[in-house]
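In what follows, a structure is listed as structure tokens, so that the remarks can point back to it.
Atoms within a ligand are numbered from 1 in the order they appear, just like the ligands themselves.
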Amino acid sequence: MANYTKRDEVAVIELNNPPVNALSFEVRSGLQNALKSAIDDQDVKCIVIHGKGKNFSAGADIKEFGAGTKQQKPWITDACRLADESSKPVVAAIAGTALGGGLEVALFCHYRIGTPSCRVGFPEVQIGILPGAGGTQRLPRLIGVNSSIDMITSGRHVMAEEAMKLGILDKIVTEDIIEEGVKFAKSVVGLDLAHRILKNRKIEAVSPKVFDDEISRVKKKYKGYIAPLFCLKAIQASVQLPYDASMEQELQLFQHLVGSNQAKAQQYAFFAERTSARWQLPTGANSQNASPLPVKTAGVIGAGTMGAGIALCLITSGIPTVLVEQDQKFLEKGIKTMEGDLRGSVALKKMTAEQAKKAMLILKPSVNFEDLHDVDLVIEAVYENLALKKEIFAKLDKICQPQTILCTNTSSLDIDMIAEATKRMDKVVGTHFFAPAYIMKLQENVYGKNTSAETVATVMALGRRIRKVPVLVGTCESFAANRMLHPYVTEALYLVEEGASPYEVDQVLEDFGMPMGMFRVSDLSGLDIGYKVRREAAKRQGIDLTLGTRFVNGERVCLLADVLVEKGRLGIKSGKGWYNYGSPGKKEAIPDPEVLDIIEEHCRKFGIKKQKISSQEILERMQLALINEGFRILEEGIVSKPEDIDVIWIYGFGWPKYMGGPMFYANEMKLKNVYRKICDFHQKYPFSIHWTPSKLLARLSETDLPISNWTSLINSNSKL
Ligand SMILES: CCCCCCCCCCCCCC(=O)CC(=O)SCCNC(=O)CCNC(=O)[C@H](O)C(C)(C)COP(=O)(O)OP(=O)(O)OC[C@H]1O[C@@H](n2cnc3c(N)ncnc32)[C@H](O)[C@@H]1OP(=O)(O)O
Ligand SMILES: NC(=O)C1=CN([C@@H]2O[C@H](COP(=O)(O)OP(=O)(O)OC[C@H]3O[C@@H](n4cnc5c(N)ncnc54)[C@H](O)[C@@H]3O)[C@@H](O)[C@H]2O)C=CC1
């Protein structure tokens with residue numbers, strides 16, 4: 001709703017819908033009525049609109065776009081049109097965020113003022129739609145076409161200072177936002193408003209080439225997403241048509257998008273991320289009843305690939321960090337990497353040179369573990385070796401304060417075994433970052449059997465603070481993310497053995513929307529890593545793994561990647577892997593006939609007949625294999641809800657948001673179809689354990705429940 005009060009001759013309208021003042025039906029109606037009252041009241045000379053609490057408004061209520069619900073009138077445009085017609089100045093007084101429809105309300109106002117920390121933006125593209133309440137028409141009239149294209153197609157938030165430079169804000173104010181709004185509104189009473197009404201403003205002439213170029217840029221940058229292209233069409237309409245006609249065009253484009261599958265998937269992803277933040281432990285402790293410990297300072301051990309990236313995340317979030325290495329040489333190498341990454345961020349305008357410098361000032365490089373004596377939390381990122389990690393945790397247990405939380409970035413080792421090296425098993429937890437740690441958003445937090453709720457709350461809060469998307473998972477072989485990757489990678493190799501080329505497989509995945517095909521990703525990570533892991537695992541199990549091995553414990557094995565390694569093809573680092581890169585370190589992946597010969601030779605050796613494999617089969621086998629594993633992970637309680645798995649795939653492996661995530665995708669395919677296909681594959685490929693259908697999937701496939709209700713079935717029927 002919207003509250004209406006008066007301060008002398010000023011009408012003050014307060015948008016009131018906690019927590020973010022989303023513009024629900026009640027708020028829109030309230031705003032319309034309040035504007036009417038203010039305009040009709042002879043004593044009112046000017047009007048201020050502000051948001052109750054921390055935000056002006058986060059825009060339209062996204063839940064109202066859900067399947068089957070129709071936005072009831074008045075729409076934002078109906079409510080705000082009154083401001084256009086008002087002879088009394090209307091001022092938007094912005095604190096916190098004015099996003100989407102929130103910014104559209106502000107653009108109907110004659111003036112906009114904001115606090116120094118306020119943010120404005122049109123993030124609609126991120127939920128698969130466009131600013132459909134005049135945003136694409138009014139913003140270009142205020143800040144020009146080029147800046148509007150940038151803001152609307154990227155969805156980025158613009159901070160107060162930039163908003164002022166662009167002309168979105170008329171003033172930045174430092175005192176109480178309502179008082180300032182009232183003062184400002186009084187100061188503009190009597191001024192001519194004609195030019196302040198954005199619909200009256202002339203729009204600059206722009207050549208069609210600008211839009212042609214932008215279409216090419218957007219297609220490349222936001223590959224597969226339709227909303228940014230629709231945004232461009234709407235902005236182009238603002239240039240080509242009179243205001244009323246282009247508003248009509250914007251609405252039509254909006255209606256098309258709002259009913260699209262992409263919008264549905266992206267809006268699901270928006271809420272999945274927030275659902276995933278609401279974690280729960282098997283003990284019943286959860287995000288509602290556990291409080292995080294304060295993290296004022298942190299430590300990182302190991303300045304290698306991961307440690308340097310993790311330390312960067314911490315210092316660029318303002319957390320003073322001690323970075324400890326085994327010797328000066330490794331330390332300097334890590335710092336050089338960090339400095340290079342910061343230079344990259346400055347070049348990409350993600351931060352200023354001043355901010356980068358400030359970040360490095362709160363880093364304390366060290367080769368002395370004693371420097372970790374007073375930190376609140378330590379993240380260990382040394383070599384993947386259990387004995388070494390245990391030694392380090394025992395040492396930390398002695399050096400650090402009793403309340404200090406000890407985290408490990410291990411990607412595969414048992415958290416409980418590492419915790420056993422300490423006398424604070426409740427304070428040991430996995431914080432599994434993804435490479436490159438400074439860039440990838442996923443932070444897979446892994447609890448052990450003794451990890452306390454307070455410890456979990458602390459690492460989940462830390463994740464958000466350092467701009468990651470944290471997800472909580474339980475302990476199992478490879479944890480949730482990499483465990484799901486295993487059947488996906490395995491199927492890719494089987495497909496290649498059976499007749500698909502690695503390049504066909506990658507093309508199918510990239511056409512689906514993955515940022516890179518599986519084989520390109522393998523080349524990037526280095527084929528030798530998997531080679532070593534497989535050999536160490538085999539050694540532990542007493543298995544003699546050779547290039548001639550076809551079955552291990554009754555399961556089919558494909559060691560084609562190891563054949564490449566033994567031929568010196570390690571991936572990008574050696575200039576050759578599944579692809580040819582010309583020379584080591586080069587990124588352009590060129591399909592290589594030599595690899596196809598190696599595959600032929602391998603298949604001849606094992607008598608495997610080549611078949612034609614369709615794109616559909618490639619996609620189904622890879623996606624369904626990982627989806628089945630996802631259901632098993634849910635079934636075992638490793639994650640507590642399907643949204644966790646989708647968030648992992650979106651932020652850890654680049655699953656396209658417009659496809660919602662693997663669990664959402666399965667839901668869209670209908671679970672009974674998914675289950676039937678998995679059963680068919682199980683019958684056809686009996687030597688692949690990953691096709692054994694998940695019992696949870698079998699149960700859910702009988703119910704036809706939508707994804708939003710799976711968790712209640714899982715909780716009500718934990719014995720499957
Ligand atoms: C179907 C037929 C249609 C017919 C045609 C009808 C035509 C009508 C024309 C309508 C035109 C509307 C045009 C328009 O401009 C559309 C929009 O405005 S879409 C919304 C755009 N805004 C956003 O995308 C912002 C989303 N929110 C955020 O980015 C963050 O929440 C924010 C930065 C604001 C705050 O972040 P933080 O403090 O970290 O809090 P949380 O993110 O955890 O959020 C707290 C809480 O609030 C929920 N929430 C946030 N925003 C919205 C929202 N816009 N709608 C609904 N709910 C929202 C969020 O989910 C959290 O709640 P949980 O319960 O934890 O999930
Ligand atoms: N590289 C990757 O893609 C990912 C790695 N991980 C995990 O992160 C951890 C680190 O991996 P990387 O960064 O790739 O390894 P890395 O080999 O690049 O770096 C490890 C660093 O630890 C340092 N180190 C070794 N012993 C030490 C000691 N006693 N004291 C202080 N420093 C010491 C080394 O000098 C080296 O700089 C491993 O557990 C790995 O499994 C997790 C996710 C992804």
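Remark: ligand 1 and Arg278 share an N or O pair separated by less than 3.5 Å (distance only, no angle test). Inclusion of Ile62 in the set of residues having an N or O under 3.5 Å from an N or O of ligand 1 is warranted. Polar contact check, Glu104 against ligand 1: a nitrogen or oxygen pair lies under 3.5 Å apart. Considering backbone and side-chain N/O of Ala58, one or more are found under 3.5 Å from N/O of ligand 1. Considering backbone and side-chain atoms together, Glu124 places an N or O closer than 3.5 Å to an N or O of ligand 1. Inclusion of Trp75 in the set of residues having an N or O under 3.5 Å from an N or O of ligand 1 is not warranted. For ligand 1, the polar-atom distance check against Gly101 finds a nitrogen or oxygen pair separated by under 3.5 Å. Considering backbone and side-chain N/O atoms, Ala60 comes within less than 3.5 Å of an N/O atom of ligand 1. Between Arg464 and ligand 1, a contact under 3.5 Å exists for at least one N or O pair. Of the N or O atoms in Phe434, none lie within a sub-3.5 Å distance of an N or O in ligand 2.
Under a 3.5 Å cut-off, the side chain of Ser260 and the backbone N or O of His256 do not form any donor-acceptor pair. At least one donor-acceptor pair closer than 3.5 Å links the side chain of Arg112 to the backbone N or O of Cys109. Within the 3.5 Å criterion, the main-chain N or O of Tyr658 finds no donor-acceptor partner in the side chain of Gln262. Looking only at distances, a side-chain donor or acceptor of Gln137 sits under 3.5 Å from a matching main-chain atom of Ala234.
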Could you give me the CA-CA distance, side-chain angles and deciding distance for His432 and Ser411, then say whether side chain to side chain contact (heavy atoms under 4.5 Å, CB included) is met? CA-CA 6 Å; His432 183 206; Ser411 44; 3.5 Å; yes

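The pair Lys573-Asp528 counts as a salt bridge, with a side-chain nitrogen and a carboxylate oxygen less than 4.0 angstrom apart. Checked for salt-bridge contact, Glu477 and Arg483 miss the test: no charged N lies under 4.0 Å from a carboxylate O. The pair Lys395-Glu370 does not meet the salt-bridge criterion, since no charged nitrogen lies less than 4.0 angstrom from a carboxylate oxygen. In this structure, Lys532 does not pair ionically with Glu384, as no charged nitrogen and carboxylate oxygen lie closer than 4.0 Å.
The side chain of Phe369, and not its backbone, has at least one atom closer than 4.0 Å to an atom of ligand 2 (non-hydrogen atoms only; side chain from C-beta on). Residue contacts with ligand 2 for Ile301 involve side-chain atoms from C-beta outward but no N, CA, C or O (heavy atoms, distance under 4.0 Å). Counting heavy atoms closer than 4.0 Å to ligand 2, residue Glu391 contributes nothing at all. When heavy-atom distances to ligand 2 are checked against a 4.0 Å cut-off, Ile392 comes that close only through its side chain, counted from C-beta outward. Residue-level proximity to ligand 2 for Lys333 is absent, since no heavy atom of it falls below 4.0 angstrom.
Among Val382, Asn409, Leu388, the residue whose heavy atom sits closest to atom 10 (C) of ligand 2 is Val382. The closest non-hydrogen atom to atom 41 (O) of ligand 2, taken over Gly309, Ser411, Ala435, Gly304, comes from Ser411. Taking each of Gly302, Ser366, Ala381 in turn, the one with a heavy atom nearest to atom 20 (C) of ligand 2 proves to be Ala381. The option with the heavy atom closest to atom 24 (O) of ligand 1, from among Gly59, Pro123, Gly155, Gly100, is Pro123. Of the options Phe271, Phe270, Phe56, the smallest heavy-atom separation from atom 26 (C) of ligand 1 is shown by Phe270.
More than 12 heavy atoms of other residues, nucleotides or ligands shown are found within 6.0 angstrom of NE2 on His157.
Classification of the Phe434-Phe653 ring pair by plane angle, with boundaries at 30° and 60°, yields perpendicular.
Near Lys389, meaning under 4.0 Å from any of its heavy atoms, are these atoms of ligand 2: 38 (C), 39 (O). Near Thr410, with a cut-off below 4.0 Å to any heavy atom, the atoms of ligand 2 are 39 (O). Under a 4.0 Å criterion applied to the non-hydrogen atoms of His432, ligand 2 contributes the atoms 42 (C), 43 (C).
Using a 4.0 Å cutoff on heavy atoms, Asn55 does not count as a contact of ligand 1. Contact between Gly135 and ligand 1 is absent, with no heavy atom of the residue lying under 4.0 Å from the ligand.
When distances from atom 15 (O) of ligand 2 to the protein are checked, no heavy atom turns up under 4.0 Å.
Looking at atom 25 (C) of ligand 2, its nearest protein heavy atom turns out to be Tyr383 CE1, 3.4 Å. Of the protein's non-hydrogen atoms, Glu325 OE2, 2.5 Å is the one closest to atom 37 (O) of ligand 2.
Considering Arg464, Arg467, Arg465 as possible partners of Ser317, the one that fulfils the side chain to side chain donor-acceptor pair (under 3.5 Å) test is Arg467.
With Phe108 as the aromatic partner, Arg138 meets the cation-pi criteria of under 6.0 angstrom to the ring centre and within 45 degrees of the ring axis.
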